[in-house]
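Here is the structure we will look at.
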Amino acid sequence: MRKIIASEMISIDGFFAGEDGNIDWHTVDDDFNKFAVEFEKTVDTILFGRKTYQMFESYWPTALKDPATGAEDIEIAKFIEDAKKVVLSKTLDKLTWNNSVLIKDNIKEEIEKLKNEDGNLPAGASAKARDIVIYGSGSVVAELTNLGLIDEYLFIISPTILGKGVSLFKDISEKISLKLIETRKFENGNVMVIYKK
């Protein structure tokens, strides 16, 4: 079974976006981009909520064609373009970005089916199926956490205190204990921590 990994940049005080949804405090550097390129080799499917999907759709296809885009960002853009993109939304009716699938109902059943797929493996391959990642999409993270469907939480903690903002876990219904499995410090002061259920 494939894992679902929630990959989130958060502030020191635990917000994943500013009060107005602003993420201009998210900071990345070459060190982080190298990590992102390596991480993306382990996943082939991205889960989105509507807002994050539309934000990605408005940026990454353009970045892929922009000659000013750096080499690591090109790798990330190619990954996003080729990945299966699964959008959980009750308000969207159709998707036009390639490799995009809309889920409107039966979330638990549909996500469990997705976890049981082989992912992007050639027929007869014996390699491990690639995992599923969620970027941003706070409402999706909260919903899937409540359903017990997220296997790992990969947090990039930015050296920023927002004071106010959007909490990733504001709608969590009960306490969840996690186990720390990895940490890493990036050159720009970001710190990665990975927890699993």
Side-chain angles (χ1 to χ4, degrees), residues 1-10 16 26 28 31-53 55-57 60 64 72-89 95 97-103 106-157 168-169 172 176-184 186 190-197:
M1 181 179 286
R2 303 198 287 166
K3 291 185 297 191
I4 293 181
I5 302 163
S7 178
E8 305 291 333
M9 184 164 284
I10 60 172
F16 85 102
H26 285 196
V28 297
D31 189 28
F32 174 81
N33 283 339
K34 285 176 189 163
F35 160 77
V37 168
E38 285 306 306
F39 171 74
E40 286 166 350
K41 292 176 183 171
T42 69
V43 297
D44 65 12
T45 303
I46 308 171
L47 283 178
F48 290 104
R50 177 188 59 80
K51 288 180 188 173
T52 306
Y53 175 79
M55 183 176 69
F56 271 52
E57 185 181 27
W60 286 109
L64 187 57
E72 271 106 12
D73 276 353
I74 287 288
E75 287 299 310
I76 293 166
K78 283 180 184 171
F79 158 74
I80 293 168
E81 189 67 22
D82 294 341
K84 180 174 184 177
K85 294 168 275 290
V86 179
V87 184
L88 279 57
S89 173
L95 307 173
W97 196 6
N98 70 313
N99 301 329
S100 294
V101 176
L102 180 62
I103 296 176
N106 305 315
I107 302 296
K108 188 171 195 298
E109 296 81 1
E110 292 298 325
I111 297 303
E112 284 173 343
K113 277 193 237 172
L114 192 63
K115 289 181 79 168
N116 281 302
E117 288 178 0
D118 287 335
N120 264 346
L121 287 176
S126 60
K128 179 182 175 292
R130 292 188 201 171
D131 292 321
I132 302 160
V133 66
I134 305 169
Y135 292 125
S137 305
S139 60
V140 170
V141 172
E143 184 170 7
L144 297 191
T145 295
N146 281 330
L147 292 171
L149 293 171
I150 296 181
D151 303 287
E152 289 182 9
Y153 298 87
L154 187 161
F155 297 120
I156 305 294
I157 303 167
L168 196 57
F169 298 112
I172 298 305
I176 299 167
S177 296
L178 302 171
K179 179 180 177 183
L180 179 66
I181 58 172
E182 188 177 342
T183 62
R184 175 174 172 174
F186 294 99
N190 288 341
V191 175
M192 178 189 77
V193 292
I194 302 178
Y195 294 99
K196 71 175 184 178
K197 285 198 312 184

Main-chain N/O of [Y] paired to [X] side chain as donor or acceptor, under 3.5 Å:
{"X": "K85", "Y": "I80", "value": "yes"}
{"X": "K196", "Y": "I194", "value": "no"}
{"X": "D151", "Y": "I4", "value": "yes"}

Output, in order, the C-alpha distance, side-chain angles, deciding distance and verdict of side-chain contact (heavy atoms from CB on, under 4.5 Å) for M9 and N190.
CA-CA 9 Å; M9 184 164 284; N190 288 341; 3.8 Å; yes
Taking atom [atom1] of [X] and atom [atom2] of [Y], what is their separation to the nearest 0.5 Å?
{"X": "I111", "Y": "I150", "atom1": "CD1", "atom2": "CD1", "value": "10.0 Å"}
{"X": "E109", "Y": "L147", "atom1": "CD", "atom2": "CG", "value": "9.0 Å"}
{"X": "L154", "Y": "Y135", "atom1": "CG", "atom2": "OH", "value": "9.0 Å"}
{"X": "K51", "Y": "S139", "atom1": "NZ", "atom2": "OG", "value": "7.5 Å"}
{"X": "I132", "Y": "I46", "atom1": "CD1", "atom2": "CD1", "value": "11.5 Å"}
{"X": "E143", "Y": "K108", "atom1": "CD", "atom2": "NZ", "value": "12.0 Å"}

Lys/Arg N to Asp/Glu carboxylate O, [X] vs [Y], below 4.0 Å:
{"X": "K113", "Y": "E110", "answer": "yes"}
{"X": "E112", "Y": "K115", "answer": "no"}
{"X": "R2", "Y": "E117", "answer": "yes"}

If I compare all heavy atoms of [X] with all of [Y], which pair ends up nearest, and what's the gap?
{"X": "A36", "Y": "I76", "result": "CB-CD1, 4.0 Å"}
{"X": "F48", "Y": "S137", "result": "CA-OG, 3.5 Å"}
{"X": "L64", "Y": "A77", "result": "CD1-CB, 3.8 Å"}

Kindly write out the residues that satisfy ring-ring contact (aromatic ring centres under 6.0 Å, His included) with F155, not counting sequence neighbours, or none if the list is empty.
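Once residues adjacent in sequence are excluded, F155 has no partner under the ring-ring contact (aromatic ring centres under 6.0 Å, His included) criterion.
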Under the side-chain contact (heavy atoms from CB on, under 4.5 Å) rule, what do T52 and V140 come out as? Steps first, then yes or no, please.
CA-CA 10 Å; T52 306; V140 170; over 6 Å; no
Under 6.0 Å between the ring centres of F56 and W97?
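No, they do not, as the ring centres are separated by 6.0 Å or more.
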A side-chain contact here means heavy atoms from C-beta on lying under 4.5 Å apart; do [X] and [Y] qualify?
{"X": "V86", "Y": "L88", "answer": "yes"}
{"X": "E81", "Y": "N98", "answer": "yes"}
{"X": "V101", "Y": "V87", "answer": "no"}
{"X": "D73", "Y": "W60", "answer": "yes"}
{"X": "E57", "Y": "L95", "answer": "no"}
{"X": "E152", "Y": "D131", "answer": "no"}

Do S89 and Y53 have side-chain N/O donor and acceptor atoms under 3.5 Å apart?
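The answer is no; no qualifying pair exists.
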Quick one: do T42 and V133 satisfy side-chain contact (heavy atoms from CB on, under 4.5 Å)? Show the steps, please.
CA-CA 9 Å; T42 69; V133 66; over 6 Å; no
Would you call the rings of F186 and F32 parallel, tilted or perpendicular, where under 30° means parallel and over 60° means perpendicular?
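Ring orientation of F186 relative to F32: perpendicular.
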L114 vs L47, side-chain contact (heavy atoms from CB on, under 4.5 Å): CA-CA, chis, key distance, verdict:
CA-CA 10 Å; L114 192 63; L47 283 178; 3.8 Å; yes
